[in-house]
> 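Got a structure for you, questions after.
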Amino acid sequence: MVVGLHTEFLSEFNKLASYLAVNGIFRIAVPLFLMINGFYFFVATEKNCQSAWFKRGAVLYLIWMGFYSYFWIDLPDGGFFAVGQMVSIFLIGYWHLWYISGMLGAALLMVFLKNRSPQLMMTLAAMAFVLGVMIQYAGNYHMLSGTVYDAAFNFHPSHRNAVFFSFPFFCIGYLINKYSIQDCVSLRSAFLGVAVGGVLLMSESYLNFTQPSRDGEFDNYVSLALVCPAIFILTLKLHFEGRGKRLSEYSSAIYFIHVFVIHLVFVFVDISGSLLTLVVIFFSVFASMLLVKVNRKLKIIL
């Protein structure tokens with residue numbers, strides 16, 4: 001899904017189908033990853049090894065920011081603006097790497113909140129989520145057109161950041177593990193949540209597609225607050241068993257390397273849409289096999 005939304009899947013066939021995929025169903029991927037991170041961060045807090053968790057995350061971020069430095073470090077141009085832009089990218093994260101900085105920021109917030117009541121945590125998470133959605137919609141629909149706020153709200157990190165996007169989903173994952181919420185939800189309710197949430201997500205995406213005043217893509221959807229926790233809880237209740245650690249290594253490797261593959265593909269061929277998606281997935285899977293082997297020796301790149 002992440003590869004598909006970065007390569008405009010189906011864009012050459014049908015604009016609506018592409019929008020419902022790229023700015024619809026594919027948008028569940030990152031919130032789900034964040035909930036998984038939050039779910040296992042609870043384990044780190046219980047074992048009192050948050051420092052090791054943060055160190056690993058920071059090293060991961062620095063290594064991959066270094067790997068992609070060719071694409072975001074622009075020294076020849078120089079100048080104050082260029083330096084400021086590079087500092088901004090370093091703090092926020094290049095392209096898809098914003099996810100790691102967002103995850104670390106969300107975890108830092110959880111460290112301060114872990115001993116607070118679940119009601120307070122959920123209230124703060126809900127408030128942050130709603131603010132993120134409001135900023136996203138205000139920006140994409142230019143509700144404050146002609147003001148400095150319009151430009152600010154159309155800057156992705158204004159809503160897709162550690163506080164307004166990462167923290168709410170990270171917090172949900174943390175609370176699900178801490179209070180075993182999946183045990184309090186019936187399998188039928190979980191299925192219903194996925195079905196209703198999925199319909200709402202597709203409806204929200206479709207409504208945005210049909211609005212002529214809408215501009216830009218969406219990360220912060222209202223419906224993600226229902227469909228993503230429902231999917232996560234349903235997955236926990238179905239008790240899938242397998243070689244989870246190995247799967248996580250491959251999923252991480254594909255996530256980190258696919259943007260490099262996109263750049264590399266563009267060097268040799270001019271393709272887009274679904275063909276680009278399939279080509280990038282193929283070579284990302286191949287590259288992930290190499291990365292997993294390297295990581296088993298270095299243990300720091302995934």
Side-chain angles (χ1 to χ4, degrees), residues 1-7 9 22-41 44 53-69 71-72 87-111 125 128-129 132-133 135-136 155-174 216-221 224-225 227-229 231-232 247-263 280-281 284 287-288 291 295 300-302:
M1 288 183 176
V2 173
V3 174
L5 66 87
H6 285 158
T7 52
F9 183 62
V22 174
N23 284 284
I25 191 65
F26 289 178
R27 295 293 167 173
I28 68 172
V30 175
L32 282 169
F33 273 126
L34 287 166
M35 280 191 286
I36 293 169
N37 293 145
F39 187 87
Y40 287 109
F41 184 68
W53 189 95
F54 278 108
K55 181 180 178 181
R56 184 175 182 277
V59 169
L60 202 62
Y61 183 71
L62 292 174
I63 285 175
W64 284 101
M65 283 295 288
F67 179 82
Y68 282 103
S69 60
F71 302 104
W72 62 272
V87 171
S88 175
I89 294 173
F90 177 77
L91 294 175
I92 296 169
Y94 171 73
W95 202 343
H96 60 315
L97 298 180
W98 73 266
Y99 169 81
I100 303 298
S101 63
M103 177 192 73
L104 291 170
L108 186 61
L109 287 172
M110 288 306 304
V111 169
F129 177 76
V133 171
I135 293 171
Q136 169 92 86
F155 181 52
H156 285 310
S158 68
H159 54 83
R160 191 188 65 185
N161 55 43
V163 176
F164 296 142
F165 189 88
S166 301
F167 167 65
F169 294 106
F170 194 95
C171 181
I172 290 171
Y174 183 94
E217 299 182 337
F218 281 83
D219 293 285
N220 305 59
Y221 275 126
L224 292 175
V227 67
C228 292
I231 291 172
F232 188 59
L247 286 173
S248 72
E249 288 177 336
Y250 280 106
S251 66
S252 297
I254 292 169
Y255 183 84
F256 284 122
I257 202 65
H258 80 275
V259 169
F260 179 74
V261 175
I262 291 173
H263 285 301
V280 172
I281 288 175
S284 296
S288 72
L291 286 172
N295 187 63
I300 57 172
I301 62 173
L302 296 176

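Excluded from the calculations below are hydrogen atoms, water molecules and symmetry mates; all remaining heavy atoms, backbone and side chain alike, are included. In what follows, residues are counted from 1 in the order of the sequence shown.
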> Considering non-hydrogen atoms only, spot the tightest contact between N161 and V163 and give its length.
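Shortest heavy-atom contact: OD1-N, 3.1 Å.
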
> Using the side-chain hydrogen bond (donor to acceptor under 3.5 Å, both in side chains) criterion, which residues pair with H96? Sequence neighbours excluded.
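By the side-chain hydrogen bond (donor to acceptor under 3.5 Å, both in side chains) rule, H96 matches no residue at all.
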
> Just do the side-chain contact (heavy atoms from CB on, under 4.5 Å) check on V111 and F54 with the steps written out, would you?
CA-CA 11 Å; V111 169; F54 278 108; 3.7 Å; yes

> Provide the closest heavy-atom pair for A162 versus G102 in the form atom of the first, atom of the second, distance.
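Of all heavy-atom pairs spanning A162 and G102, the closest is CB-O, 3.6 Å.
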
> Please enumerate all residues that pass side chain to side chain contact (heavy atoms under 4.5 Å, CB included) together with I89, with sequence neighbours excluded.
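Residues passing side chain to side chain contact (heavy atoms under 4.5 Å, CB included) with I89: M65, W72, Q85, Y94.
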
> Which residues pass the side chain to side chain contact (heavy atoms under 4.5 Å, CB included) test with F67, not counting sequence neighbours?
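With sequence neighbours excluded, F67 shows a side chain to side chain contact (heavy atoms under 4.5 Å, CB included) to W64, I257, F260, given in chain and number order.
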
> Does V133 have any side chain to side chain contact (heavy atoms under 4.5 Å, CB included) partners at least two apart in sequence or in another chain, and if so, which?
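F129, Y137, N220, V222.
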
> Could I get the full list of ring-ring contact (aromatic ring centres under 6.0 Å, His included) partners for F167, not counting sequence neighbours?
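Partners of F167 by the ring-ring contact (aromatic ring centres under 6.0 Å, His included) criterion come out as none, since no residue qualifies.
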
> Please step through side-chain contact (heavy atoms from CB on, under 4.5 Å) for the pair Y221 and C228, ending with a clear verdict.
CA-CA 11 Å; Y221 275 126; C228 292; over 6 Å; no

> Can you name the closest pair of heavy atoms from P229 and L224 and give their distance?
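Closest heavy-atom pair between P229 and L224: CD-O, 3.4 Å.
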
> Look at atom CZ of F71 and say whether more than 12 heavy atoms of other residues, nucleotides or ligands are closer to it than 6.0 Å.
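Yes, CZ of F71 has more than 12 neighbouring heavy atoms, counting only those of other groups under 6.0 Å.
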
> Report yes if some heavy atom in the side chain of L97 is under 4.5 Å from a heavy atom in the side chain of F90; otherwise report no.
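Not in contact.
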
> Which heavy atom of S248 sits nearest a heavy atom of S251, and at what distance?
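Closest approach of S248 to S251, heavy atoms only: O-OG, 3.0 Å.
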
> Looking only at non-hydrogen atoms, find the nearest pair between L302 and S252 and report the distance.
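Scanning both residues completely, I find the closest heavy atoms to be CD2-C, 4.0 Å.
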
> T7: what forms a side-chain hydrogen bond (donor to acceptor under 3.5 Å, both in side chains) with it, not counting sequence neighbours?
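With sequence neighbours excluded, T7 shows a side-chain hydrogen bond (donor to acceptor under 3.5 Å, both in side chains) to T277, given in chain and number order.
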
> Looking only at heavy atoms, what is the nearest atom pair of L91 and S101, with distance?
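Residues L91 and S101, closest heavy atoms: O-CB, 3.8 Å.
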
> For residues 25-38, please give each side-chain donor-acceptor pair under 3.5 Å, one per line with the distance, not counting sequence neighbours.
unit_1	atom_1	unit_2	atom_2	d
R27	NE	V22	O	2.8
R27	NE	F218	O	3.0
R27	NH1	F218	O	3.4
R27	NH1	D219	OD1	2.8
R27	NH2	N23	OD1	3.4
R27	NH2	E217	OE1	3.4
N37	OD1	Y99	OH	2.2

> Is it the case that the ring center of F169 lies less than 6.0 angstrom away from the ring center of F165?
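Yes, the ring centres sit under 6.0 Å apart.
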
> Please identify each residue that fulfils side chain to side chain contact (heavy atoms under 4.5 Å, CB included) with I63, with sequence neighbours left out.
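For I63, the residues satisfying side chain to side chain contact (heavy atoms under 4.5 Å, CB included) (neighbours in sequence not counted) are V59, I300, I301.
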
> Is atom OH of Y250 surrounded by more than 12 heavy atoms (other residues, nucleotides or ligands) closer than 6.0 Å?
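Yes - once you tally the heavy atoms of other residues, nucleotides and ligands closer than 6.0 Å, there are more than 12.
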
> Below 4.5 Å, heavy atoms only, C-beta onward: do W98 and H156 meet side chain to side chain?
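Not touching, per the 4.5 Å side-chain cut-off.
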
> Step by step, would you call V259 with Y68 a side-chain contact (heavy atoms from CB on, under 4.5 Å)?
CA-CA 9 Å; V259 169; Y68 282 103; 3.7 Å; yes

